[in-house]
Colleague: 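Okay, here's the structure, questions in a sec.
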Amino acid sequence: MLPLSFEFYPPKTDDQRAQFDRTARRLKAFQPQFMSVTFGAGGSTLSHTPETVQRLRSDHGVTGVPHLTCVGGSREEIRSLLKLYRALGCDRIITLRGDLPSGMARTGDLRHASELVKLIRDEHGQQFHIEVAAYPETHPQAEDAHVDLRHFKAKVDAGADSAITQYFYNADAYFRFVDDARALGIAIPIVPGIMPIANFSQLRRFSEACGAEIPRWVSQRMRALGDDADGVREFASDIVAQLCRRLIDGGAPALHFYTLNLSKPTLAVLQRLD
Ligand code: FAD
């Protein structure tokens, strides 16, 4: 079976923790390679991310993997988190620049994810399997697609072991990105990030900010379905499952699901994939 991984954000309230536990329990049945926990750039989840990683490991018996961002943080803050993750037994880390919340001016000691990859490799050798982010539809702040690809290569040259992509709904963008990366000598696995569709208007807003394109035909069908909640769910699960099927048939090495801490949208896709 193709390796799967599931991404969560760290719950902060009792209600969120209950939802997180329910989702983790349901998705654990698919024997994921790991479940990862995002990190709020600028430190907004400083204690919640490690706590949640620990909760995955102790309460759910799954491999919990932390995300770590460098923007807004000092070298010392990053070093102490890495020390904590080693103490928790983590051997994989998702390494990112992050985006500072609007209004936060603190830039931090490291400017790009490649610098964070280098810091981890220099100070921890091969202790961590380092995952980085990749952008089949180009990072929104990049000068152009080629420059962005070279910055991706800088992360690999600094020591990244594998990559997870930003989500996308156009499989060709992923296949082309992988071909271009291979042509540039990037040999690491590039795992597609999959965003099941739970709330379409929220997804549209989010996609504008992170540079993911929602195909016009998908938006038009969603608009036509309007308030038909069952129809929307069926259609959304069908198109995401079809995307996954194409990615699997085209040689994707694994699938990483952005769960937003909800089980149903991800389960609906996985059930369609058997
Ligand atoms: P980088 O690789 O540093 O790239 C960011 C931009 O800078 C790109 O445009 C790149 O082309 C450019 N760049 C890179 N190097 C240079 C250079 N040397 N000179 C000039 N420009 C350069 N965000 C969070 O806050 N928390 C999370 O937990 C989180 N998890 C994520 C998980 C995944 C799988 C993905 C795909 C994204 C995640 N993000 C998260 C979002 C991510 O932090 C943002 O997309 C952020 O804007 C870029 O992060 P990066 O690691 O790709 O940065």
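Numbering of ligands and ligand atoms starts at 1, following listing order. Not measured: the values here are computed from a predicted model.
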Colleague: Within the structure, does D148 bring an N/O atom to less than 3.5 angstrom of an N/O atom in ligand 1?
Modeller: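 Min N/O separation from ligand 1 is below 3.5 Å for D148.
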Colleague: Would one find an N or O of G98, backbone or side chain, under 3.5 Å from an N or O of ligand 1?
Modeller: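 N/O-N/O distance under 3.5 Å: yes.
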Colleague: Does any non-hydrogen side-chain atom of Y169 lie less than 4.5 Å from one of I197?
Modeller: yes
Colleague: Hey, which atoms in ligand 1 end up nearer than 4.0 Å to a heavy atom of H67?
Modeller: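 Near H67, meaning under 4.0 Å from one of its heavy atoms, ligand 1 has 27 (C), 28 (O), 29 (C), 30 (N), 31 (C), 32 (C).
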Colleague: Which atoms of ligand 1 are found less than 4.0 Å from any heavy atom of A133?
Modeller: 35 (C), 36 (C), 52 (O)
Colleague: What's the shortest heavy-atom distance between Y167 and I194, and which atoms?
Modeller: CB-C, 4.4 Å
Colleague: Could you pull out the closest heavy-atom pair between A198 and L262, with the gap in Å?
Modeller: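 Distance-wise, the nearest heavy atoms are CB-CD1, 3.8 Å.
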Colleague: Heavy-atom contacts with A41 under 4.0 Å: which atoms of ligand 1 show up? List them by number with element.
Modeller: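 Matching atoms, with element in brackets: 25 (O).
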Colleague: Which ligand 1 atoms are under 4.0 Å away from a heavy-atom of Q166?
Modeller: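 So the answer, numbered in order with elements, is 36 (C).
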Colleague: Counting each atom of ligand 1 from 1 as listed, which ones have a heavy atom of A142 under 4.0 Å away?
Modeller: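 In order of number, 9 (O), 11 (O).
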Colleague: Are the charged groups of E76 and R79 less than 4.0 angstrom apart, N to O?
Modeller: yes
Colleague: Starting from atom 3 (O) of ligand 1, what is the nearest protein heavy atom, named by residue and atom, and what distance separates them?
Modeller: A113 N, 2.9 Å
Colleague: Can you check whether K83 reaches R86 side chain to side chain, under 4.5 Å on heavy atoms?
Modeller: no
Colleague: T69 heavy atoms, cut-off 4.0 Å: which ligand 1 atoms fall inside?
Modeller: 24 (C), 25 (O), 26 (N)
Colleague: For F152, is the nearest heavy atom under 4.0 Å from an atom of ligand 1?
Modeller: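 Outside the 4.0 Å threshold, so no.
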Colleague: Please work out which of T95, D99, V132, L110 has its closest non-hydrogen atom nearest to atom 44 (C) of ligand 1.
Modeller: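 Among T95, D99, V132, L110, the closest heavy atom to atom 44 (C) of ligand 1 belongs to D99.
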Colleague: Which of these, K155, R97, H112, H151, has its nearest heavy atom closest to atom 2 (O) of ligand 1?
Modeller: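 Comparing heavy atoms across K155, R97, H112, H151, the nearest one to atom 2 (O) of ligand 1 lies in K155.
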Colleague: Take R272 and S237 through the side-chain contact (heavy atoms from CB on, under 4.5 Å) test and state the conclusion after the steps.
Modeller: CA-CA 8 Å; R272 280 166 171 75; S237 313; 3.4 Å; yes
Colleague: I'd like to check whether I164 has a polar contact with ligand 1, where a contact means an N/O of the residue lying under 3.5 Å from an N/O of the ligand.
Modeller: no
Colleague: Please lay out, stage by stage, how H146 and D180 fare under the test side-chain hydrogen bond (donor to acceptor under 3.5 Å, both in side chains).
Modeller: CA-CA 9 Å; H146 291 148; D180 289 349; 5.6 Å; no
Colleague: Strictly less than 4.0 Å: does any protein heavy-atom distance to atom 49 (O) of ligand 1 fall in that range?
Modeller: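 So far as the 4.0 Å threshold goes, atom 49 (O) of ligand 1 is in reach of a protein heavy atom.
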Colleague: Hey, does H139 come in under 3.5 Å of ligand 1, counting only N/O atoms on both sides?
Modeller: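 Yes: some nitrogen or oxygen of H139 is under 3.5 Å from one in ligand 1.
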Colleague: On the 0 to 90° scale, with breaks at 30° and 60°, tag the H256-F34 ring pair as parallel, tilted or perpendicular.
Modeller: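 Tilted: the ring planes of H256 and F34 meet at 30° to 60°.
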Colleague: Determine the minimum heavy-atom distance between C210 and P140, stating which atoms define it.
Modeller: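 Distance-wise, the nearest heavy atoms are O-CD, 3.5 Å.
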Colleague: Please list, chain by chain and in numerical order, all residues satisfying side chain to side chain donor-acceptor pair (under 3.5 Å) with E143, sequence neighbours excluded.
Modeller: none
Colleague: Tell me, please, which residues at least two apart from Y174 pass ring-ring contact (aromatic ring centres under 6.0 Å, His included).
Modeller: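 Applying ring-ring contact (aromatic ring centres under 6.0 Å, His included) to Y174 gives F168.
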Colleague: Please state which option from T38, L100, D144, L96 has its nearest heavy atom closest to atom 37 (C) of ligand 1.
Modeller: L96
Colleague: Heavy atom of Y258 under 4.0 Å from ligand 1?
Modeller: yes
Colleague: Check whether any N or O atom of V147, backbone or side chain, sits under 3.5 Å from an N or O atom of ligand 1, and answer yes or no.
Modeller: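 Between V147 and ligand 1, no N or O pair is found under 3.5 Å apart.
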Colleague: Could you name the option among F39, Y135, Y9 that has the heavy atom nearest to atom 27 (C) of ligand 1?
Modeller: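 Shortest heavy-atom distance from atom 27 (C) of ligand 1: F39.
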Colleague: Less than 3.5 Å apart, any donor N or O on the side chain of H67 or S36 sitting next to an acceptor on the other?
Modeller: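 H67 vs S36: donor-acceptor pair found between side chains.
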